[in-house]
Amino acid sequence: MPDPYASLSVEVTSTVARVADELRRAVFDGELESGTPLREMALAASLGVARSTVREALGVLVAEGIAVREPNRGVAVAVPDPESVRDVCQARLVLEVAGVRRWGTAAEPERQAVRDAVAAYTAAVARGASYAELNETHLAIHVSLVGLAGSPRLVAMARSLVAELKLVLAQIDRVERNAHDQADSHGSLVAILDSGDIDAAVADIEHHLAHAEDDILAALGVR
């Protein structure tokens with residue numbers, strides 16, 4: 001007799017994963033600042049979980065570069081490094097320009113993903129979304145640009161870079177950005193792409209990324 005429940009499934013999330021998610025959220029929301037010690041015992045008491053669970057979750061964050069483990073000092077939230085910021089920005093430039101140049105040959109779903117990402121960001125700006133959500137939706141636009149290249153590996157690289165950038169953005173003193181201007185700028189980029197002027201679109205994204213790098217480094221005290 002066939003099993004009537006064979007098609008049923010449920011996603012099981014471990015306690016370690018949930019703790020890692022909460023710590024990740026607190027870092028990206030700026031609640032845990034760079035250099036903040038992540039004490040196993042205190043976190044276990046605050047989250048109501050075993051200390052061993054916290055230890056495993058911290059290992060996940062260390063592997064992702066969100067936290068660092070130092071001998072005899074334990075684990076702490078990672079401190080943004082200006083040279084790493086420059087490297088991330090350079091890598092983003094290469095990937096995003098490659099994607100933009102493929103606009104004309106990209107599949108329509110990939111082009112639509114860019115339009116949808118811009119629309120999601122514009123909607124978040126309009127409703128006065130949180131700083132964390134604005135960062136999330138803004139950076140999603142840049143990942144979608146890389147998606148135009150049609151390479152899952154390049155998209156995975158872009159997501160990894162975005163994760164590093166989210167950490168930096170969370171740890172600086174709230175980089176002053178005009179979200180409405182950002183939304184208008186990305187809307188203009190889509191219009192340029194739809195017009196077929198790829199060279200102008202490349203110039204636009206190069207200008208945007210250079211400006212973003214300057215803003216972040218200035219916020220980190222690097223001139």
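What you see is a predicted model, and the numbers here were worked out from it, not measured in a lab. Numbers for residues simply follow the sequence, beginning at 1.
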Is it true that D87 and R92 have a side-chain N and a carboxylate O under 4.0 angstrom from each other?
-> no
What's the spacing between L209 CG and D214 CG if we round to 0.5 Å?
-> 11.0 Å
Would you confirm whether E110, through its side chain, and A107, through its main-chain N or O, come within 3.5 Å as a donor-acceptor pair?
-> yes
First locate atom NE2 of H138, then atom OG of S185, and finally report the distance between them rounded to the nearest 0.5 Å.
-> 7.5 Å
Please tell me if the side chains of E206 and V202 come closer than 4.5 Å, counting only heavy atoms from C-beta onward.
-> yes
At what distance, to the nearest 0.5 angstrom, does CD of E56 lie from OG of S14?
-> 8.0 Å
Determine the minimum heavy-atom distance between A124 and T137, stating which atoms define it.
-> CB-OG1, 4.0 Å
Is R115 salt-bridged to D194, going by a charged N under 4.0 Å from an acidic O?
-> yes
Mark yes when over 12 heavy atoms from residues, nucleotides or ligands other than E136 sit less than 6.0 Å from its CD; otherwise mark no.
-> no
In Å, rounded to the nearest 0.5 Å, how long is the span from CG of L47 to CG of L23?
-> 6.0 Å
Look at the aromatic rings of H142 and H208 and report parallel, tilted or perpendicular, splitting at 30° and 60°.
-> parallel
For A183 and V125, which heavy atoms make the closest approach, and how far apart are they?
-> CB-CG2, 4.4 Å
Are the side chains of V60 and R24 in touch, meaning some heavy atoms are under 4.5 Å apart?
-> yes
With a 4.5 Å limit on heavy-atom distance, are the side chains of R51 and R55 in contact?
-> yes
Over all heavy atoms of both residues, which pair between R102 and A149 is shortest? Give the atoms and the distance, please.
-> NH1-O, 3.4 Å
For residues 66-79, dump all side-chain donor-acceptor pairs below 3.5 Å to protein atoms at least two apart in sequence or in another chain.
unit_1: E70; atom_1: OE1; unit_2: R73; atom_2: NH1; d: 3.2

Side chain proximity check, D204 to H207, heavy atoms < 4.5 angstrom | no
Of all heavy-atom pairs linking S144 and A117, the shortest is OG-CB, 3.9 Å
Answer whether the closest heavy-atom distance between the side chains of E213 and L217 falls below 4.5 Å.
-> yes
Side-chain (T53) to main-chain (V49) donor-acceptor, under 3.5 angstrom | no
Do other residues, nucleotides or ligands put more than 12 heavy atoms under 6.0 Å from R127 CZ?
-> yes
Can you find a pair of side-chain heavy atoms, one from L95 and one from Q90, that are under 4.5 Å apart?
-> no
Begin with the C-alpha distance, continue with both residues' side-chain angles, and end with the deciding distance and a verdict on side-chain contact (heavy atoms from CB on, under 4.5 Å) for L32 and L38.
-> CA-CA 9 Å; L32 293 174; L38 299 174; 3.9 Å; yes
L189 to A201 - nearest heavy-atom pair and separation = CD1-O, 3.7 Å
For R25, does the CZ atom sit with more than 12 other heavy atoms under 6.0 Å from it, leaving out its own atoms?
-> yes
May I ask you to test the L161-L165 pair for a side-chain heavy-atom distance under 4.5 Å?
-> no
Answer whether the closest heavy-atom distance between the side chains of W103 and V114 falls below 4.5 Å.
-> yes
Polar side-chain atom of T122 near backbone of V118 as donor-acceptor pair, under 3.5 Å | yes
For the atom pair CG (L148) and CZ (R111), what is the distance rounded to the nearest 0.5 Å?
-> 8.5 Å
Can you measure from CG (D21) to CZ (F28) and round to the nearest 0.5 angstrom?
-> 10.5 Å
Closest approach of V146 to V155 (non-hydrogen atoms, all atoms of both residues) = CG1-N, 4.1 Å
Give a yes or no on whether I192 and L145 share a hydrophobic cluster (residues Ile, Leu, Val, Met, Phe, Trp, Tyr; joining criterion: side-chain heavy atoms under 4.5 Å apart).
-> no
